[in-house]
Amino acid sequence: PQVDPFDLVIFGGTGDLAMRKLLPALLHRYADGQIQAGSRVIGVAREGLDDEGYRAQVREALAGSHARLEEFLGLVHYRPLDARKDEGWKEFAELIAAEPGHVRVFYLSTSPELFEDICNRLGSHGLNQGQSRVVLEKPIGRDLESANRINDAVGRVFAESQTFRIDHYLGKETVQNLLALRFGNALFEPLWNAGHIDHVQITVAETLGVGRRGAYYDRAGALRDMVQNHMLQLLCMVAMEPPASLSPDAVRDEKLKVLHALKPIDGHNAAQLTVRGQYRAGVAEGQKVPGYLEELDGKHSDTETFVALKAEIANWRWAGVPFYLRTGKRLAERVSEIVVAFKPVPHSIFDAAGPLAQNRLVLRLQPDEGVKLWLTIKHPGPGGLRLRHVPLDMSFAEAFGVQQPDAYERLLLDVVRGNPTLFMRRDEVEAAWRWADPILDAWAASSEPPRPYAAGSWGPSAAVALIERDGRTWNEDS
Ligand code: BG6
């Protein structure tokens with residue numbers, strides 16, 4: 001179904017996220033008929049471009065992605081604006097006011113340091129009124145204190161109900177499917193606790209390096225860029241109690257409780273529970289690639305491009321069940337998955353081949369989204385009762401034959417519809433920083449730099465040791 005006509009303004013309109021994710025997502029929703037022709041997509045940045053100049057950039061970035069690109073470009077506009085200067089804002093406000101019936105979405109895809117200035121200007125031109133919404137791209141701040149400052153500043157202009165803190169992992173098909181699997185089947189929930197689950201693993205591995213995002217990334221690092229938001233959100237979706245409904249606050253209340261129950265990692269235990277790494281030159285996907293520091297033009301940096309850690313949730317359901325998280329740039333493979341590993345059977349009646357393999361439920365977020373449930377079965381045929389470990393395998397592409405829409409497609413339209421279920425509430429962001437800050441502090445205080453790993457590997461060997469010390473291994477079945 002079509003959404004109401006809207007104006008979507010992208011601050012940071014010439015940036016990486018706009019070109020790689022936001023505009024393609026809008027193009028695809030447009031091509032699918034969900035966006036009405038009168039809607040407008042307005043890129044905003046400091047560069048002095050006009051509509052045509054911006055369209056040319058978008059045309060180049062999106063070339064070949066859809067036959068209806070030219071038609072879509074008809075919706076696209078541009079305004080040069082500087083958050084720190086008055087110039088142009090009055091005309092911009094008039095442009096928006098020209099469509100009083102439109103839903104207005106202000107997407108802040110800039111450095112969070114600009115959020116306050118942008119919101120103040122939107123407010124002083126009355127653009128926070130009526131059907132206006134603001135979308136905040138992550139990371140919101142760089143610690144709890146700066147996040148509070150930003151949230152306060154945004155909150156003086158936009159109500160919480162108008163504020164959409166995006167975490168695009170929540171828009172991924174498999175993450176939604178986790179809700180369906182957990183709460184749409186009677187099978188899993190009785191086993192979904194410390195009595196039956198041995199541990200959980202969440203891996204988000206990327207093959208790309210930091211590329212042209214070095215300036216942002218070097219100030220962030222993997223913990224701020226991926227763990228504080230995406231990975232904790234995945235952890236919450238696995239670990240939360242069943243919400244009473246899918247209403248936005250019912251779901252977010254349950255996630256918040258998980259964040260509050262995370263055991264602190266700080267200067268006392270960070271050395272045992274966390275591993276950080278930084279890639280060196282190596283071979284990724286058959287290509288020789290430079291190391292992180294070379295990508296920063298040889299600048300010195302202790303920013304981590306890899307993190308592995310062992311988290312625990314101190315509540316009845318999860319006491320004693322480790323959640324192993326790992327993420328990194330320039331790893332061996334692009335794969336994001338959640339693995340729920342069940343406890344072994346209490347007693348084996350099969351005398352043959354050693355201990356039985358664990359049942360594992362593997363939720364693959366990307367690539368080739370799907371769900372696998374690893375089971376022990378009998379190897380077919382004569383030759384005695386030989387056991388095999390095989391997956392019940394459901395690939396979304398094979399089962400449904402359609403390409404899954406990108407996470408941003410769903411989330412952008414959710415903003416237009418005004419549905420915040422898949423967005424982070426302020427208290428969630430704060431709770432996540434409250435857990436992440438002491439880890440960052442412990443690292444900052446440590447004299448040990450991040451451990452080097454070769455691009456194209458699976459990260460520093462200490463990350464393997466982190467899980468193997470506990471007699472477990474990272475999932476390798478793909
Ligand atoms: C972003 C991070 O939020 O997520 C990037 O800032 C990262 O560093 C990206 O590459 C990964 O998203 P996806 O959807 O490609 O897994």
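As the structure lists them, so they are numbered: ligands from 1, and atoms in each ligand from 1. Side chains included, hydrogens not; waters and symmetry mates left out as well; all remaining heavy atoms used.
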Identify, by atom number and element, the atoms of ligand 1 in contact range of [X], meaning under 4.0 Å from any of its heavy atoms.
X	value
Lys138	1 (C), 2 (C), 3 (O), 6 (O)
Gln366	13 (P), 16 (O)
Lys329	5 (C), 7 (C), 8 (O), 10 (O)
Arg334	15 (O)
Glu206	7 (C), 10 (O), 11 (C)
His168	1 (C), 3 (O), 4 (O), 12 (O), 13 (P), 14 (O)
Lys172	13 (P), 14 (O), 16 (O)

Before signing off on this row, confirm whether [X] and ligand 1 have an N or O atom pair separated by under 3.5 Å.
X	result
Tyr216	no
Arg213	yes
Asp225	yes

Next item on the list: Of the side chain and backbone of Glu137, name the one, both, or neither that has a heavy atom under 4.0 Å from an atom of ligand 1.
Entry: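 Under 4.0 Å from ligand 1, Glu137 contributes no heavy atoms.
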Note to self: Tell me the contacting part of Tyr169 for ligand 1: side chain, backbone, both, or neither, using a 4.0 Å heavy-atom threshold, strictly below.
What the structure shows: side chain
Notebook entry, point to check: Just checking, Arg142 and Trp433: is the charged tip under 6.0 Å from the six-membered ring centre and within 45° of the axis?
Noted result: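 No - Arg142 does not lie over the ring of Trp433 by the 6.0 Å and 45° rule.
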Under-4.0 Å salt bridge between [X] and [Y]:
X	Y	value
Arg252	Asp249	yes
Asp4	Arg417	no
Arg276	Glu304	no
Glu70	Arg59	yes
Glu468	Arg472	no

Item checked: Side-chain donor-acceptor pair present, Asp16, Tyr216, cut-off under 3.5 Å ->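 No - no donor-acceptor pair under 3.5 Å links their side chains.
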Note to self: Less than 6.0 angstrom separating the ring centers of Tyr107 and Phe11, yes or no?
What the structure shows: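 Ring centres of Phe11 and Tyr107 not closer than 6.0 Å.
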